[in-house]
Amino acid sequence: MENPYESRELLTQYLVFHYAGDEEQFPYAFGAKDGLSFPARCVEEGLNYSSLPGTQRALDIGCAVGRSTFELSRTFGEVIGIDYSHSFIGAAGQLQSGRILQAKFSKEGASSRRLQIRLPQATDPSKVHFEQGDAQSLRKDLGQFDAVLACNLICRLPDPRKLIARLPSLIKPGGQLFLTTPFTWLEEYTPNENWLGGEGQSSFDALSATLAPDFSLDAKFDMPFLIPETARKFQYTVALASRWVRRG
């Protein structure tokens, strides 16, 4: 199956979702503004910085075009961003090198406008390393991290349990794991037999049961996000966010 995340259309959509200003994404005075700046909010709201064991290393799994990875560089000494999409990682690397990218944002019909996409201010690209990789088979020599993010990834993997099984070895004792997912299971991404939950058990309960031997649940809350498609059409979704602490 062709990876839809390699298309130019989705690359542009994600560049706008990650980096365009709030007014560029949603220039209206009503509704949906609570879904803006989602990748930055994952870093700001997802981790409890006062209780981290350290700020040496952070890992961003499913980093897409890299906004949350760059945001982590404000705090952590080394940040690795991994995504399955070659085009997403390529764009993140171009931004890291200082390039300004042009995103052709559809207004309506054949009408569009170009947005300039650049690094967020006060981030440190020298601390960041991007690589293409499969979240279900991450390279064995990644080491351990003080914090790991995996945002809106679980329900887009063919076998999410493979990633979940790897997580304990990636996080230091006392380190934090931050997950978000809307649990929008689709067979085009995940075969039905690999969905979490079912038969009276929610997806989150199944996720919790799998993580419980190695992690303690520290926080659980809703996180809306907004992805613009055109000037008047948007995807508004509510992800379920959870922060977990690695047992000692």
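Because the structure is a prediction, the values reported are computed rather than measured. Residue numbers start at 1 and run along the sequence shown.
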Quick one: does [X]'s side chain have a donor or acceptor within less than 3.5 Å of a partner on [Y]'s backbone?
X	Y	answer
Thr180	Asn152	yes
Asp83	Ile89	no
Tyr84	Ala135	no
Arg41	Pro224	yes
Ser97	Gln94	yes
Gln96	Val128	yes
Trp195	Thr190	yes

Inter- and intrachain pairs under ring pair (Phe, Tyr, Trp, His ring centres under 6.0 Å), touching residues 223-248, at least two apart = Phe26-Phe234, Phe38-Phe225

Can you establish whether the number of heavy atoms outside Arg247 located under 6.0 Å from its atom CZ is more than 12?
-> yes

Salt bridge between Glu9 and Lys104, side-chain N to carboxylate O under 4.0 Å?
-> no

Please report the C-alpha distance between Phe204 and Lys220 in whole Å, then the side-chain angles of each, then the deciding distance to 0.1 Å, and finally whether the side-chain contact (heavy atoms from CB on, under 4.5 Å) criterion is met.
-> CA-CA 10 Å; Phe204 185 78; Lys220 175 187 173 187; 3.7 Å; yes

For side chain to side chain donor-acceptor pair (under 3.5 Å), just list the numbers for Gln13 and Glu229, CA-CA rounded to whole Å, side-chain angles, deciding distance to a tenth of an Å, and then say yes or no.
-> CA-CA 7 Å; Gln13 187 181 89; Glu229 294 185 5; 4.7 Å; no

Derivation and outcome, side chain to side chain donor-acceptor pair (under 3.5 Å), residues Thr230 and Glu108 | CA-CA 6 Å; Thr230 71; Glu108 58 180 59; over 6 Å; no

Closest non-hydrogen contact found for Ala103 with Ile117 is CB-CG1, 3.9 Å

Under 30°, 30 to 60°, or over 60°: which ring-plane class applies to Tyr14 and His18, parallel, tilted or perpendicular?
-> tilted

Yes or no on salt bridge (charged side-chain N to carboxylate O under 4.0 Å, His left out) for Arg156 and Glu188, after CA distance, side-chain angles and deciding distance?
-> CA-CA 9 Å; Arg156 288 296 177 266; Glu188 63 191 273; over 6 Å; no

Side-chain donor-acceptor pairs under 3.5 Å in residues 43-66, sequence neighbours left out?
{"from": "Asn48", "atom 1": "OD1", "to": "Ser50", "atom 2": "N", "distance (Å)": "3.4"}
{"from": "Asn48", "atom 1": "OD1", "to": "Ser50", "atom 2": "OG", "distance (Å)": "2.7"}
{"from": "Asn48", "atom 1": "ND2", "to": "Ser51", "atom 2": "OG", "distance (Å)": "3.4"}
{"from": "Tyr49", "atom 1": "OH", "to": "Val43", "atom 2": "O", "distance (Å)": "2.8"}
{"from": "Ser51", "atom 1": "OG", "to": "Asn48", "atom 2": "O", "distance (Å)": "3.4"}
{"from": "Ser51", "atom 1": "OG", "to": "Gln176", "atom 2": "NE2", "distance (Å)": "3.2"}
{"from": "Arg57", "atom 1": "NE", "to": "Glu78", "atom 2": "OE1", "distance (Å)": "2.9"}
{"from": "Arg57", "atom 1": "NH1", "to": "Leu142", "atom 2": "O", "distance (Å)": "2.9"}
{"from": "Arg57", "atom 1": "NH1", "to": "Gln144", "atom 2": "O", "distance (Å)": "2.9"}
{"from": "Arg57", "atom 1": "NH2", "to": "Leu142", "atom 2": "O", "distance (Å)": "3.1"}
{"from": "Asp60", "atom 1": "OD2", "to": "Ser68", "atom 2": "OG", "distance (Å)": "2.5"}
{"from": "Asp60", "atom 1": "OD2", "to": "Thr69", "atom 2": "N", "distance (Å)": "3.1"}
{"from": "Asp60", "atom 1": "OD2", "to": "Thr69", "atom 2": "OG1", "distance (Å)": "2.7"}

Going by the side chain to side chain donor-acceptor pair (under 3.5 Å) test, which pairs reach into residues 159-168, not counting sequence neighbours?
-> Arg166-Ser169

Might you work through the side-chain contact (heavy atoms from CB on, under 4.5 Å) test for Phe130 and Phe88, ending with a clear yes or no?
-> CA-CA 10 Å; Phe130 289 107; Phe88 282 6; over 6 Å; no

